[in-house]
Amino acid sequence: MKRYIGLMSGTSLDSIDAALVAIDGDHIQLLQALNHPLPEPLRSELLALTQPGPDEIERLGVADRELGIALAEAVQAVLATAGLSAADITAIGSHGQTLRHRPPGPERNQNRAFTLQIGDPNTLAQHTGITTVADFRRRDVAAGGQGAPLAPALHRALFYSPQQHRAVVNIGGMANISDLPGSGEVIGWDCGPGNVLMDSWIQHRRQLAYDADGQWAASGCVDPALLARLQALPYFHSGGSGPRSTGREDFHLDSLLALLDQGPVPADADVQATVLEFTARSIAAGIDSLSGVEAVYVCGGGAYNSTLMQRLRELLQPRLLATTAELGLAPEWVEAVAFAWLASRNLERLPGNLPAVTGASAPLILGGIYPA
């Protein structure tokens with residue numbers, strides 16, 4: 001048995017998820033996990049850097065180092081909680097923070113495609129004394145892929161069943177779907193926004209990090225005109241069920257404000273209700289595009305939004321809707337576990353991507369190694 005630590009700082013930028021994982025061949029076990037807060041000045045700077053702004057290279061360089069230090073602190077916190085030392089860990093798998101994601105597509109040919117994650121792995125390895133594997137997405141992009149989503153490979157390893165056609169939906173900042181048929185090829189893609197627009201709106205209007213249980217959304221009414229404008233956004237007319245991926249470049253507060261400027265502005269709670277409905281419908285449309293799905297399992301922070309989950313249950317019936325807790329892994333830790341697993345795949349010289357998901361030309365070993 002080898003121990004790995006997976007680190008994930010997602011689109012929502014709410015915290016660093018750190019997962020201590022034991023891996024022995026096909027056996028994957030979560031041993032310890034925690035959320036490590038991002039310092040507010042760093043969080044604000046990372047959020048600002050997701051959009052164009054002045055002096056970006058200087059600011060990016062500083063944020064890269066600062067995030068590397070914060071990631072190292074998350075590793076040290078999970079080690080202290082578990083009563084382990086650096087010598088007990090084979091490697092860290094660090095996703096880093098995505099600042100730009102420009103995959104190949106109708107507006108960008110393969111040679112101009114790129115994806116950028118920061119959180120300096122040199123700093124992380126230096127401060128922890130643990131070999132670090134990072135920069136998982138760019139090799140896939142170099143091979144013509146989207147570089148995302150990468151979690152479907154882990155979803156297959158953990159959640160596949162030959163007796164049940166399952167789909168796994170990760171609702172983080174963005175939402176992605178993994179289709180896991182009982183037999184045949186696994187596919188997956190980003191189906192649109194997850195929490196990002198809901199979080200952005202409540203932060204903008206109420207200075208809250210997120211809409212707990214979707215209570216604010218539940219207090220409002222869906223605005224049909226705004227919903228129609230959201231559903232007309234270009235991402236939903238640029239392809240089918242994959243390979244395709246998205247990020248804050250497509251879905252962010254300014255994009256929502258621009259849509260609100262196009263017509264009468266609904267009440268604040270009605271905007272939140274409409275954004276939740278839009279999120280639920282885009283996820284349900286992705287599931288509806290698949291044939292034969294019997295059960296849908298949700299992971300990511302969106303699994304804890306009871307209003308969103310209830311709306312998905314209504315849209316997806318008669319299919320079963322549950323969270324990945326029913327399959328043995330709490331929803332909030334799935335992505336961090338994925339990057340621990342991807343680190344193990346790298347060190348074992350095994351591929352970490354699924355070409356049917358990302359569109360890459362071949363299965364590839366993902367990530368660079370930064371020795372302790």
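The figures here come from the full heavy-atom set of this structure, side chains too, leaving out hydrogens, waters and symmetry mates.
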**Study point:** From CA spacing to verdict: side chain to side chain contact (heavy atoms under 4.5 Å, CB included), Leu329, Leu30
**Key:** CA-CA 8 Å; Leu329 184 56; Leu30 178 64; 3.7 Å; yes
Practice item. For side chain to side chain contact (heavy atoms under 4.5 Å, CB included), just list the numbers for Leu316 and Ile283, CA-CA rounded to whole Å, side-chain angles, deciding distance to a tenth of an Å, and then say yes or no. Key: CA-CA 10 Å; Leu316 294 173; Ile283 292 168; 5.5 Å; no
Review point. Yes or no on side chain to side chain contact (heavy atoms under 4.5 Å, CB included) for Leu260 and Leu226, after CA distance, side-chain angles and deciding distance?
Key: CA-CA 7 Å; Leu260 289 172; Leu226 176 59; 3.8 Å; yes
Review point. Side chain to side chain contact (heavy atoms under 4.5 Å, CB included) between Val168 and Ile177: does it pass, once the steps are laid out?
Key: CA-CA 6 Å; Val168 177; Ile177 294 172; over 6 Å; no
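Within the 4.5 Å cutoff, side-chain heavy atoms of Ile5 are placed close to those of Leu79. Here the side chains of Asp250 and Leu233 are not in contact, with every heavy-atom distance at 4.5 Å or above. Between Leu158 and Ile28 the shortest side-chain heavy-atom distance falls below 4.5 Å. Two residues are said to be in side-chain contact when any heavy atoms from C-beta on lie closer than 4.5 Å; Arg229 and Gln262 meet this criterion. Put simply, the side chain of Arg3 does not reach to within 4.5 Å of the side chain of Val21, judged on heavy atoms.
Side chain of Asp270 to main chain of Cys221: a donor-acceptor pair is present (N/O by atom type, distance under 3.5 Å, no hydrogens or angles). No donor-acceptor distance shorter than 3.5 angstrom exists from the side chain of Asp24 to the backbone of His27, with no hydrogens or angles considered. At distances below 3.5 Å, at least one donor-acceptor pair connects side-chain atoms of Arg166 with backbone N or O atoms of Phe159. Without hydrogens or angle criteria, Gln76 side chain to His127 main chain gives a donor-acceptor distance under 3.5 Å. Between the side chain of Ser306 and the main chain of Asp213, a donor-acceptor pair closer than 3.5 Å is present. No donor-acceptor distance shorter than 3.5 angstrom exists from the side chain of Asp17 to the backbone of Trp333, with no hydrogens or angles considered. Remark: side-chain polar atoms of Thr307 are paired, donor with acceptor, to backbone N or O of Gly214 under 3.5 angstrom. In this structure, Tyr160 contributes its side chain and Gly182 its backbone to a donor-acceptor pair below 3.5 Å. A donor-acceptor pair is defined here as one N or O able to donate and one able to accept, closer than 3.5 Å; such a pair exists between the side chain of Arg349 and the backbone of Asn346. Within the 3.5 Å criterion, the main-chain N or O of Ala217 finds a donor-acceptor partner in the side chain of Asp211.
Residue pairs satisfying the side chain to side chain donor-acceptor pair (under 3.5 Å) criterion with at least one member in residues 171-185, sequence neighbours excluded, are listed as follows: His155-Ser178, His165-Asp179. Under the ring-ring contact (aromatic ring centres under 6.0 Å, His included) criterion, no residue pair touches residues 47-75, with sequence neighbours excluded. Contacts classified as side chain to side chain donor-acceptor pair (under 3.5 Å) and involving residues 323-332 (residues at least two apart or in different chains) are given here: Tyr304-Glu332. Residue pairs meeting the ring-ring contact (aromatic ring centres under 6.0 Å, His included) criterion with at least one member in residues 29-72: none, sequence neighbours excluded.
Every residue meeting the ring-ring contact (aromatic ring centres under 6.0 Å, His included) condition with Phe278, not counting sequence neighbours, appears here in chain and number order: Phe236. Shown here are the ring-ring contact (aromatic ring centres under 6.0 Å, His included) partners of His101, two or more places apart in sequence or in another chain: there are none. Residues passing the ring-ring contact (aromatic ring centres under 6.0 Å, His included) test with Phe339, sequence neighbours excluded: His95, Phe136. The salt bridge (charged side-chain N to carboxylate O under 4.0 Å, His left out) check on Arg311 picks up Glu277, Glu314, with sequence neighbours excluded. Remark: Asp223 engages no residue in a side chain to side chain donor-acceptor pair (under 3.5 Å) (not counting sequence neighbours). With sequence neighbours excluded, the residues that form a side chain to side chain contact (heavy atoms under 4.5 Å, CB included) with Arg206 are Ile202, Leu208, Trp216.
Other residues, nucleotides and ligands place no more than 12 heavy atoms under 6.0 Å from the CZ atom of Arg139. By the 6.0 Å contact criterion, CD on Glu58 is open, its count of non-hydrogen atoms from other residues, nucleotides or ligands being 12 or less. Under a cut-off of 6.0 angstrom, the local environment of CZ in Arg100 is crowded, with over 12 non-hydrogen atoms contributed by other residues, nucleotides or ligands. Within 6.0 Å of the CG atom in Asp55, the count of heavy atoms belonging to other residues, nucleotides or ligands exceeds 12. Atom CZ of Arg138 has 12 or fewer neighbouring heavy atoms from other residues, nucleotides or ligands inside a 6.0 Å radius.
Cluster membership check: Leu315 does not share its hydrophobic cluster with Val296, using side-chain heavy-atom separations under 4.5 Å among Ile, Leu, Val, Met, Phe, Trp and Tyr. Under a hydrophobic-cluster definition in which Ile, Leu, Val, Met, Phe, Trp and Tyr are linked whenever side-chain heavy atoms come within less than 4.5 Å, directly or via other members, Leu350 and Leu150 are assigned to different clusters. When hydrophobic clusters are built by joining Ile, Leu, Val, Met, Phe, Trp and Tyr residues whose side-chain heavy atoms come closer than 4.5 Å, directly or via intermediates, Tyr210 is not grouped with Phe251. Hydrophobic clustering, with ILVMFWY side chains joined whenever heavy atoms are under 4.5 angstrom apart, keeps Leu116 apart from Val141. Both Leu34 and Ile16 sit in one connected hydrophobic cluster of ILVMFWY residues. Membership requires side-chain heavy atoms under 4.5 Å apart, directly or through other members.
In this structure, the separation between CG on Leu38 and CD on Glu66 is 11.0 Å, given to the nearest 0.5 Å. With values rounded to the nearest 0.5 angstrom, Gln126 atom CD is found 11.0 Å from Ile69 atom CD1. One distance of note links CG of Leu312 with CD of Gln317; it measures 12.0 Å at 0.5 Å rounding. Distance CG/Leu99 to OG1/Thr50: 7.5 Å, rounded to 0.5 Å. In this structure, Leu71 CG and Ile92 CD1 are separated by 8.5 Å, a value rounded to the nearest 0.5 Å. Rounded to the nearest 0.5 angstrom, Tyr4 OH and Leu31 CG are separated by 13.0 Å.
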Show me the side-chain donor-acceptor pairs of residues 190-200 shorter than 3.5 Å, one per line, residues at least two apart or across chains.
residue : atom : partner : partner atom : Å
Asp190  : OD2  : Thr246  : N            : 2.9
Asn195  : ND2  : Ile171  : O            : 3.3
Asn195  : ND2  : Gly172  : O            : 3.0
Ser200  : OG   : Val196  : O            : 2.7

Please set out all donor-acceptor pairs under 3.5 angstrom arising from side-chain atoms of residues 355-364, sequence neighbours excluded.
residue : atom : partner : partner atom : Å
Thr358  : OG1  : Asp140  : OD1          : 3.2
Thr358  : OG1  : Asp140  : OD2          : 2.7
Thr358  : OG1  : Ala360  : N            : 3.3
Ser361  : OG   : Ala143  : O            : 3.4

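A donor-acceptor pair shorter than 3.5 Å cannot be found between the side chains of Gln32 and Thr81. The closest side-chain donor-acceptor pair between Arg137 and Thr115, if any, does not fall under 3.5 angstrom.
Classification of Arg59 and Glu45 as a salt-bridged pair holds, one side-chain N sitting under 4.0 Å from a carboxylate O. Ionic pairing of Arg281 and Asp288 is not present here: no N-O contact between side-chain nitrogen and carboxylate oxygen is shorter than 4.0 angstrom.
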